[in-house]
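Read the structure below first, then the notes.
In what follows, chains are A, B, ... by sequence order, proteins preceding strands, each numbered from 1.
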Amino acid sequence: MTERRILITAALPYANGPIHLGHLVEYIQTDIWVRFQRLRGNQCLFVCADDTHGTAIMISAQRHGITEEEWIERISQEHQHDFAGFGISFDHYGSTNSPENRELCGEFWSALSSAGLIVVKEVEQLFDPEKEIFLADRFVKGTCPKCQAADQYGDNCDKCGATYTPAELIDPFSTLSGATPVLRKSTHHFVRLEALHDFLNEWTQSGDHLQSEVANYLKGHFLHEPLRDWDVSRPAPYFGFEIPDQPGNYWYVWFDAPIGYIASTAQWCRQHGENLESWWKNPETEIHHFIGKDITYFHTLFWPGMLKSAGFNLPSKVHIHGFLTVNGEKMSKSKGTFVKASTYLEHLDPQYLRYFYASKLGPRLDDIDLNLDEFASKVNSDLVGKVVNLASRTAKFVQSTGLSTEYPDDQGLFAQGAAAGDEIAAAYEACDYNRAVRLIIELADRANPFVEQAEPWKLRKDPEQADRLQDVCTIALNLFRQVVVYLSPLLPRLAEQTSELFGTPIEHWDDAQTPLTGQGVNKFKHMLKRIEQKDIEAMVEESKNEIESENDTETTNTPWSDSDQPLQDEPLAETCTIDDFAKVDLRVARVIEAEHVPEANKLLKLTLSLGGNERRQVFAGIKKAYEPEKLVGRLVVMVANLQPRKMRFGLSEGMITASGPGGADVFLLSPDSGAVPGQRVH
RNA sequence: GGGCCGGUAGCUCAGUUGGUUAGAGCAGGGGACUCAUAAUCCCUUGGUCGCGGGUUCGAGUCCUGCCCGGCCUACCA
């Protein structure tokens, strides 16, 4: 097979927060694939960069009192430090805020313009008069125009599911300043994606560019009707690149971010005296993007459209993965399962996570779960108990003699392992890592019984059996090394340690095809520690205690150091009078019945007692946070005079009070003991 | 409501184009060993393959209806 030329990218992490275990699914998945391809002798270039533009970056920088450039520089350092800690072997890590990227954006822009694909439209958008910026939907909140639910985001209502524009919200406010936004018109530039419809139909539905479920998804959701124009500009102020022929307008972050893949390649080329076109305008080059399912749309419609228009290589494949859950749930800050990369590294070896993710990852875009108990037991029993154990139980017996000059008869064990190489390689190639892991561990499973049966510890007591002892250990150590070769894309450090043990580097997949003979064996050094429960506990505990941003710690001196994040997410409302407050009749109520509403995703149906025979039926969006059985009997605080609301499942006669962002993080209010149903809250 | 993926031993999963008594790892039980990081090895308990129809000589494997779970959607990108 001739050597392939492969450019690989992982999605560009956004420069406004730290890397956490969820991000790492992707970087580990990609890095394994890259290391595998390198081991096969293919020519690889693995590039990434920080995604640095957009409103959110401006806000983060402002909040920290520094310039955007200082902010993204700081984050970039953190990101690269974290990635290095997990052994992510980028060839180049750039930034979308680079001269190369600006230049390339211009090139794409010209190509799109001259193809007649850019149109200009007036857009009316909410504007924060205090901060003087336009507000994306998620930065506006207000009361739902359909169901009057308070505190809904600008695009749709959590409570009734209605969708609308932020301008339709009642009493809207900016989540940045709390100010009331005003409508303001501005000019936006759009890409006429519909002009590329035929091309996108063809590209997404043919060949092996996408996983089949992704191709179906695109067909069913977008390609069955005319494609909308894509808004790719934002008016000032905006942190990004100003459009050269459109002063006062900037490219939207999602326009320049993917171009960052090319810009990062360009930087690498410049440093290594290579030609960018030989990577991005060369039919011999394969381009593989690894992304999460949340950004499917951008990478499978816009991006191929842009590349096509500007005459760059199209991706050979966009590999899409799912999200991470921990212990079967969304990562949770309060449960300590929202673990930052840097926190993990303080407590555990990165190889554990690389191995575990690999053992869970397949070629589909299912979510994967990090069950912490399973994590420990799998790593300990597979890697320590089976793999490393092979070396640690035999290496010292041949430390003085080295390996036998001829590879002894091993009943075909090594040959079997060598023969499995193709199948394992095919699994790696297809991103079917869990299959690869299974096949490899099967090999290790065959090796330990061999050692058991050969009893080297008995052989060494009999000087006449010295040759046999050397043979047995030669076999065991070669089987060990063969397994490590196959695992090396997952476990780069173990591969290095194994290279040191034999004084022979592992540098090619085919190193698993030929046993080592007649050479020395160095002193065995401990290779991999077992995971102890207390390490995991310490990591979880530390994650619980972490506060959102470093700056918060500087400004808070109380012993509790509560984060200011909740207030930032939802600034204080306008002042109201005591009379305003008195309009709301809050009452203590007892939950006397609680049940699931089978058709609803978020709702529980509650029957509340206000004492005596006074009953209210209330639908509450707390299904993800509370078990109905556990609610029955407890006291809550309800809004008792809220206008009843007809819902799909029945009439809701009030609401119960709770804090938290929603989903599983909802926290009901409870009165102190002594309160009884029916009492008003003053 | 629509789309996709899944539902196989307590847990995590494998079961190739339908073919003989459904497998592995972990956990559980019993035993062995002591070289090894309380690692390893042997034996063993355990399954109406979500449910009901159908095709077939034969179905975990194909078709169909339903139930359950996850994710994505619900006219937003």
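Across all strands shown, A:V388 has heavy atoms under 4.0 Å from base atoms, whether or not it also approaches the sugar-phosphate. Looking at heavy-atom distances under 4.0 Å, A:G220 makes no contact with the nucleic acid at all. Nucleic acid contact for A:L528: base, since at least one base atom lies under 4.0 Å from a heavy atom of the residue.
Atom pair A:L324:CG and B:C71:P shows a separation of 13 Å (rounding to whole Å applied). When rounded to the nearest whole Å, the span between CD of A:E452 and C1' of B:C35 equals 9 Å.
A:Y355 and A:D382 are linked by a side-chain donor-acceptor pair at a separation below 3.5 angstrom, with hydrogens and angles left out of the test.
Considering only side-chain N and O atoms, A:R438 lies nowhere under 4.0 angstrom from the phosphate OP1 or OP2 of B:G25. A sub-4.0 Å separation between OP1 or OP2 of B:A36 and a side-chain N or O of A:K396 is present. Note on A:R460: a side-chain N or O is less than 4.0 Å away from OP1 or OP2 of B:C35. Distances shorter than 4.0 Å separate none of the side-chain N or O atoms of A:R393 from OP1 or OP2 on B:A39.
Closest to the side chain of A:H221, from the set B:C71, B:U37, B:G2, is B:G2.
Outside the 6.0 Å centre-distance limit, the rings of A:Y250 and A:F241 are not counted as a close aromatic pair.
A salt bridge links A:K293 to A:D367: one of the charged nitrogens lies within less than 4.0 Å of a carboxylate oxygen.
Taking a pair to require two hydrogen-bonding distances under 3.5 Å in either a Watson-Crick or a G-U wobble arrangement, B:A24 pairs with B:U12.
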